[in-house]
Amino acid sequence: MTKIVSGRVTHRHDGELVVFHIGMTLNRWWRPDLWFPVLRVMRPMLAELSEDPDSGLIGYELLFNGKGPYVVQYWSSVDKLYDYASAGSLSHRPAWTRFNAMVKKHPDAVGIWHETFIVERAESVYVGTPARGLPGATTILPVEKRHHRARARLADGALTLPEGG
């Protein structure tokens, strides 16, 4: 069982923060022969990234909605995210090549989507829940009295960006 963090907590992170959403859409759920191979490659990619402290991945949440699974990833750098995506020696690039070949033969059977956000300011609060989201990926801090309101947390939530960033 995952340990519950008691009380009200927020997060702290210094440096660049990138939030990356990636998911798949099961357009033809009755064709697991097409969507299951796509689904199956995400966990090994997340393991590959998690095992390498220099990968840039600092945390993730694997989620599901009505159309399929998706992952919210937290990265220390947009450059590290793009480096991983394009590295032929790692898992993503070959999986992307296989996906594109499958889509040519079976258009619209399964979809892939992603969104990338470079975060300059962030606010969070978590009460009585396991560490997840931003606190799970960064540093957990108790919410101080002056930060009981979301507006105050957001006002003080500016992230320190690297020089030139």
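The analysis underlying the following values was restricted to heavy atoms, covering all of them including side chains, and did not include hydrogens, waters or symmetry mates.
- Following chains of ILVMFWY side-chain contacts shorter than 4.5 Å, one cannot reach Y126 starting from V72, and the two form parts of different hydrophobic clusters.
- Evaluated for a side chain to side chain contact (heavy atoms under 4.5 Å, CB included) with L17, the options I118, I58, V78 yield exactly one hit, I58.
- H11 and S124 are linked by a side-chain donor-acceptor pair at a separation below 3.5 angstrom, with hydrogens and angles left out of the test.
- Looking only at distances, a side-chain donor or acceptor of R153 sits under 3.5 Å from a matching main-chain atom of H148.
- The shortest side-chain heavy-atom distance between T10 and R12 does not fall under the 4.5 Å cut-off.
- With contacts defined as side-chain heavy-atom distances shorter than 4.5 Å, the pair I22/M42 qualifies.
- N65 contributes atom CG, which lies 8.5 Å from atom CG of L63 (distance to the nearest 0.5 angstrom).
- D156 pairs with exactly one of R151, E144, H147, E123 by the side chain to side chain contact (heavy atoms under 4.5 Å, CB included) rule, that one being H147.
- In this structure, L134 and A122 approach most closely via the heavy-atom pair CD1-CB, 4.0 Å.
- Atom CZ of R8 has more than 12 heavy atoms from other residues, nucleotides or ligands within 6.0 Å.
- Under the 4.5 Å side-chain criterion, counting only non-hydrogen atoms from C-beta, Y60 is in contact with L46.
- Atom NZ of K67 sits about 5.0 Å away from atom CG of N27, to the nearest 0.5 Å.
- If you chain together hydrophobic residues whose side chains sit under 4.5 Å apart, I112 and W35 fall into the same group.
- Residues H92 and Y84 approach most closely at CB-CE2, 3.5 Å, considering heavy atoms.
- A distance below 6.0 Å separates the ring centres of H21 and F117.
- Looking at heavy atoms from C-beta onward, S91 lies out of side-chain contact with V41 at the 4.5 angstrom threshold.
- Across all non-hydrogen atoms, the minimal contact from P135 to I140 is O-CG1, 3.3 Å.
- Formation of a donor-acceptor pair under 3.5 Å by the E48 side chain with backbone atoms of L90 is not found in this model.
- The two residues L39 and P69 come nearest to each other via the heavy atoms CD1-CG, 3.5 Å.
- The CE atom of M102 sits 9.5 Å away from atom CG of D33, with the distance rounded to the nearest 0.5 Å.
- Pairing each heavy atom of V5 with each of V9, the nearest pair is CG1-CG1, 3.7 Å.
- Put simply, the side chain of S77 gets close to the backbone of D79: a donor and an acceptor are under 3.5 Å apart.
- There is no path of hydrophobic side-chain contacts, each under 4.5 Å, that joins W29 to F99.
- Under a hydrophobic-cluster definition in which Ile, Leu, Val, Met, Phe, Trp and Tyr are linked whenever side-chain heavy atoms come within less than 4.5 Å, directly or via other members, L81 and M45 are assigned to the same cluster.
- A 4.5 Å side-chain heavy-atom check between S55 and K80 finds every atom pair outside the cut-off.
- A109 and L34 make their closest contact through CB-CD1, 3.5 Å (heavy atoms, listed as atom of the first residue, atom of the second, distance).
- Under a hydrophobic-cluster definition in which Ile, Leu, Val, Met, Phe, Trp and Tyr are linked whenever side-chain heavy atoms come within less than 4.5 Å, directly or via other members, Y74 and V125 are assigned to different clusters.
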